Amino acid sequence: MKSRKLFGFLLLCMLCILTIGAVSVSAASKKIKLKATTTEATHNYVNIDIFFSGKDTDIEKIEYKKGKTTKTADKYWKKATPVTYFYYSDNSKKTESYFMVEENGNYSVRVVLKSGKKYVKTIKIKNILPKTERSNYDAAITEISGPDSKGDYTITVNYYSMLTLDPKEVLDKKPGDIIEVGNRGKAKILEIYTMDSSYYYTEKQDEVVPESCVILLPEDPKSFYNITSKDQDTYYAYNDYKFGLIQNYSWNNFVACIAYDEPEEYREEMYDIVYKDVKLKVNKDTVIRPAYYDHEKYGYNGMEINIEKFLKLRNSLDLQQKEKIYITSANFSCWIYEAYDNETGKFTDYVSEISEIYSP
């Protein structure tokens, strides 16, 4: 009888421990709320908003990783990515932050407090559509023909990649040194600058350091800029064929810019063609998203038109003014997403979405 009572007592203790543990985990997870900025099907990235019930001054770090986990110990978070920006909102009484994902799957977030307490929460993302390698590049529609007997239009597309150099090819170089710039040829370093307190490139340097603006002169400017006419020659003559390499914000490469001496929002980056004259089909189901439209009239969640509406707008400035939807020049700069067939597991030559790239 005593042994039964002892066993019952031990069983009760175990249940209490398990219950306390379950409550602890549940309470911990409730301190974090994760929310995707959109649950609609999209080809683009999705932002995941983080809300933590606590002040930012109490937080040691916030980090995330792909995969589902409830573990809070450091050994499970060695390869986590830090979330560097977070702030306390007086309106929500929470600390808010976010991170961006480009693939479907589970994502776990860990919040570590200065007190040593750790909290974990997981969210599942499943609304990012498959996309081709080409869709990662900026595209320009050079021609639209049709409709054919099916009502399909054919677009001709060039895909472009920003001209960049790896830092190891540029750092520590000095004026007079020669740099190979992609497939365009060689260029000589003329001057090197870093930013002053007003964020202008005026501080002259003896060698390339991180955050430098490197001024170069191509050995063969006409070949480098693909100049084939006098008009183009005049266009580039204003800066004597010089251009700049400016390290981007993520510090992973140097970006080639023609207007190197302008603030970032006005610089003219240089691009190379990656895919030329690609033929794709556009039909009534293709969604086209213009970048320029009246937000007060159409809202801020983006607007969608079909190919027929797009062509009408493209060919009439008056209609653009009337509709308050504005289509840019003939070379419609955009991202193009090809349709994916779930049954075959392959991409088709039809386009599911054309999204115009906003440029200030």
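When a residue number appears, it is its place in the shown sequence, counting from 1. Here the structure is a predicted model, which means the values were calculated and not measured.
- Without hydrogens or angle criteria, Lys65 side chain to Tyr76 main chain gives a donor-acceptor distance under 3.5 Å.
- Ile307 and Val278 fall within the same hydrophobic cluster, where Ile, Leu, Val, Met, Phe, Trp and Tyr residues are linked whenever their side-chain heavy atoms come under 4.5 Å apart, directly or through other members.
- Rounding to the nearest 0.5 angstrom, the gap separating the OG1 atom in Thr194 from the CD atom in Gln205 is 3.5 Å.
- The salt bridge (Lys or Arg N to Asp or Glu O under 4.0 Å) test with Glu191 is passed by exactly one of Lys174, Lys173, Lys204: Lys204.
- With rounding to the nearest 0.5 angstrom, the OG1 atom of Thr122 is 9.0 Å from the CD1 atom of Ile32.
- Grouping the Ile, Leu, Val, Met, Phe, Trp and Tyr side chains by contacts below 4.5 angstrom, directly or via other members, places Val287 apart from Ile305.
- Side-chain rings of Phe52 and Phe86 stay apart, their centers remaining 6.0 Å or farther from each other.
- Judged by distance alone, the side chain of Asn104 and the main-chain N or O of Ile128 form a donor-acceptor pair under 3.5 Å.
- Considering all non-hydrogen atoms of both residues, Ile62 and Ile59 come closest at CG1-CG2, 3.9 Å.
- In this structure, Tyr98 is not a member of the same hydrophobic cluster as Tyr88, with clusters built from ILVMFWY side-chain heavy atoms closer than 4.5 Å.
- Lys94 is not listed as a side-chain neighbour of Lys33, based on a closest heavy-atom distance of 4.5 Å or more.
- Stacking of Lys131 on the aromatic ring of Tyr337 is not recorded, the 6.0 Å distance cut-off and the 45° axial limit not both being met.
- Taking each heavy atom of Tyr225 and Pro218 in turn, the nearest pair found is CE1-CG, 4.3 Å.
- Among the candidates Leu171, Ile192, Val170, Leu245, the single residue satisfying the side chain to side chain contact (heavy atoms under 4.5 Å, CB included) test with Ser212 is Ile192.
- Qualifying side-chain hydrogen bond (donor to acceptor under 3.5 Å, both in side chains) partners for Tyr275, counting only residues two or more places apart in sequence or in other chains: Glu133.
- Looking only at side-chain heavy atoms (C-beta outward), Glu219 and Ile178 come within less than 4.5 Å of each other.
- Atom-to-atom distance recorded for Cys257:SG and Ile246:CD1 is 4.5 Å, nearest 0.5 angstrom.
- Aromatic ring orientation, Phe99 versus Tyr64: parallel (interplanar angle below 30°, classes split at 30° and 60°).
- Put simply, OG1 on Thr156 and CD1 on Ile141 are 9.5 Å apart, with the number rounded to the nearest 0.5 Å.
- Note that Lys71 lies outside the cation-pi zone of Trp77, set by a 6.0 Å cut-off to the ring centre and a 45° limit from the axis.
- Taking every heavy atom of both residues into account, Tyr160 and Tyr137 meet most closely at O-CB, 3.3 Å.
- Heavy-atom neighbours of Lys281 NZ from other residues, nucleotides or ligands within 6.0 Å: above the threshold of 12.
- Each of Val112 and Tyr107 belongs to its own hydrophobic cluster when Ile, Leu, Val, Met, Phe, Trp and Tyr are linked at side-chain heavy-atom distances under 4.5 angstrom.
- Judged purely by atom type and a 3.5 angstrom limit, Lys93 uses its side chain to pair as donor or acceptor with the backbone of Asp90.
- Under the 4.0 Å criterion applied to side-chain N and carboxylate O atoms, Lys114 and Glu60 are not assigned as salt-bridge partners.
- The distance from the CG atom of Asn306 to the NZ atom of Lys284 is 10.0 Å, given to the nearest 0.5 Å.
- Salt bridge annotation for Glu323-Lys312: absent, with no cationic side-chain nitrogen under 4.0 angstrom from a carboxylate oxygen.
- Atoms CZ and SG, on Arg289 and Cys334 in that order, are 13.0 Å from each other to the nearest 0.5 Å.
- Hydrophobic cluster membership of Met100, counting Ile, Leu, Val, Met, Phe, Trp and Tyr whose side-chain heavy atoms lie under 4.5 Å apart directly or via other members: Tyr45.
- With respect to Leu280, the side chain to side chain contact (heavy atoms under 4.5 Å, CB included) criterion is satisfied by exactly one of Val351, Thr348, Thr154: Val351.
- Taking each heavy atom of Tyr159 and Arg134 in turn, the nearest pair found is CD2-O, 3.4 Å.
- At distances below 3.5 Å, at least one donor-acceptor pair connects side-chain atoms of Ser108 with backbone N or O atoms of Thr69.
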